[in-house]
There are 2 protein chains.
Amino acid sequence: MDQNVFDDPRITAIGLLFEATAGLSARFSAQFEEHGLSAVEFEVLMRLTRSPGHQLRMTDLAAQTSLSTSGVTRVVDRMERDGLLRRRACPSDRRSSYAVVTAAGLARLDQTLPGHVQIIEQWFTGQLDPAALDALLDGLRQVRDAVHPGATAGSTDPLPAGAGDC
Amino acid sequence: MDQNVFDDPRITAIGLLFEATAGLSARFSAQFEEHGLSAVEFEVLMRLTRSPGHQLRMTDLAAQTSLSTSGVTRVVDRMERDGLLRRRACPSDRRSSYAVVTAAGLARLDQTLPGHVQIIEQWFTGQLDPAALDALLDGLRQVRDAVHPGATAGSTDPLPAGAGDC
DNA sequence: GATGGAATATTGCCATGCCTATAGTTGCTT
DNA sequence: AAGCAACTATAGGCATGGCAATATTCCATC
């Protein structure tokens, strides 16, 4: 084991990426908690709310988040219990069901978003002058397009419909 | 709930960061699994191996990873069972114990690292020309320094000793 | 119109890891 | 020296979420 491996610029680079992301995640989680949400619940709320009709099939929601389908079942269970979502049967396909954001869910997201955006501004976008930020985002976009995990959390991607026929 | 919120450039920016990171994480996890490691175990192995004597106190290991102290107890349990680490009592302070990387642990890391670095090169550093990469890393460094979560995964930071007196 | 394969959501079982409580040390203060 | 607060590692209880199995529904093919 060569000690110099740790000084490899690639190791350093990936370390920077993960440390920056982890630091931001921690701040987000703390703020979500103030509003009674977990990071996953916020992610789900964002994805649903920006989808047509504020709804998605369970499968599509899983594909667009960091969760498996069973994970979606469970987080939707919790959020339905808390009144943030409700399930709606799909009339044209009795296998499917939709998760729909309720008024309470929209209100919760409304409460949470300003602080969320403010944290992004304070610790991320606001840390860099506009040119540096553009350069950073261009680089990230290129990496994201390359590694493309489907569509995950942040929701930058064009929406792959999913609301379909119901 | 204003639909335009989702087009806020700050939301877009944070989305890019998290999607890129998530995509890389997924590739890493797949490769770690080929070598019988989880992401956390790799993180622990990296942190310990780059520390003086290939060892850290449990507390320091927790501070330098994404785990709590009880999380460290449990991951060290597993890795000790698998022969990758062993515990060593600290003679000068009977409260403390060290996690020490074994020869098998070093060998496992040796097996894993080349592929890991290759993935970084293929999907991250190699995706950008040198100037763009530098710009990206400068931006990340600035964000990391601002949000500074202590020392986490990637291990870019100078080491806060921790091997101390034993 | 049957039938078999694909799709969908859910559940059981399990691993992981956090929070809190606990027990053992240490060292400072009186 | 006795007491006490801080520190350290661990264990119990709990929440989360993945994988595999399951039941239901759809659809294409015969």
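Letters A, B, ... mirror the listed sequences (proteins, then strands); counts begin at 1.
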Between the protein and nucleotides 13-16 of chain D, which nitrogen or oxygen pairs come in under 3.5 angstrom?
none

Rounding to an integer number of Å, can you tell me how far [X] [atom1] sits from [N] [atom2]?
X	N	atom1	atom2	value
Leu37(B)	dT16(C)	CG	P	12 Å
Glu80(A)	dT10(C)	CD	C1'	13 Å
Arg88(B)	dT8(D)	CZ	C1'	16 Å
Asp77(B)	dA15(C)	CG	P	14 Å
Leu56(A)	dT8(C)	CG	P	13 Å
Arg87(B)	dT8(D)	CZ	P	16 Å
Tyr98(B)	dT8(D)	OH	C1'	12 Å

[X]: partners by side chain to side chain contact (heavy atoms under 4.5 Å, CB included), with sequence neighbours left out:
X	answer
Arg94(B)	none
Gln122(B)	Gln118(B)
Ala39(B)	Ser29(B), Phe32(B)
Ala146(B)	Trp123(A), Gln127(A)

Could you pull out the protein-nucleic contacts involving nucleotides 20-25 of chain D (nitrogen or oxygen on both sides, under 3.5 Å)?
| from | atom 1 | to | atom 2 | distance (Å) |
| --- | --- | --- | --- | --- |
| dT25(D) | OP1 | Arg94(A) | NH2 | 3.4 |

Closest nucleotide among dG17(C), dA11(D), dT10(C) to the Met58(A) side chain: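 When the side chain of Met58(A) is considered, dT10(C) is the closest of dG17(C), dA11(D), dT10(C).
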
Residues that [X] engages under salt bridge (Lys or Arg N to Asp or Glu O under 4.0 Å), provided they are two or more places apart:
X	answer
Arg87(B)	Asp77(B), Glu80(B)
Asp8(B)	Arg10(B)
Asp134(B)	none

Check: Arg47(B)/Thr65(B) side-chain N/O donor and acceptor closer than 3.5 Å: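 No, no side-chain donor-acceptor contact under 3.5 Å.
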
Sugar-phosphate, base or nothing in reach of Thr73(B), heavy atoms under 4.0 Å: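 Counting heavy atoms under 4.0 Å across all strands, the contact made by Thr73(B) includes a base.
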
Working for side chain to side chain contact (heavy atoms under 4.5 Å, CB included), residues Leu113(B) and Ile11(A): CA-CA 10 Å; Leu113(B) 263 176; Ile11(A) 295 285; 4.1 Å; yes

5' priority, DNA chain D, between Ser96(B) and Gly71(A) [closest heavy atom]: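 The residue closer to the strand's 5' end, by nearest nucleotide, is Ser96(B).
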
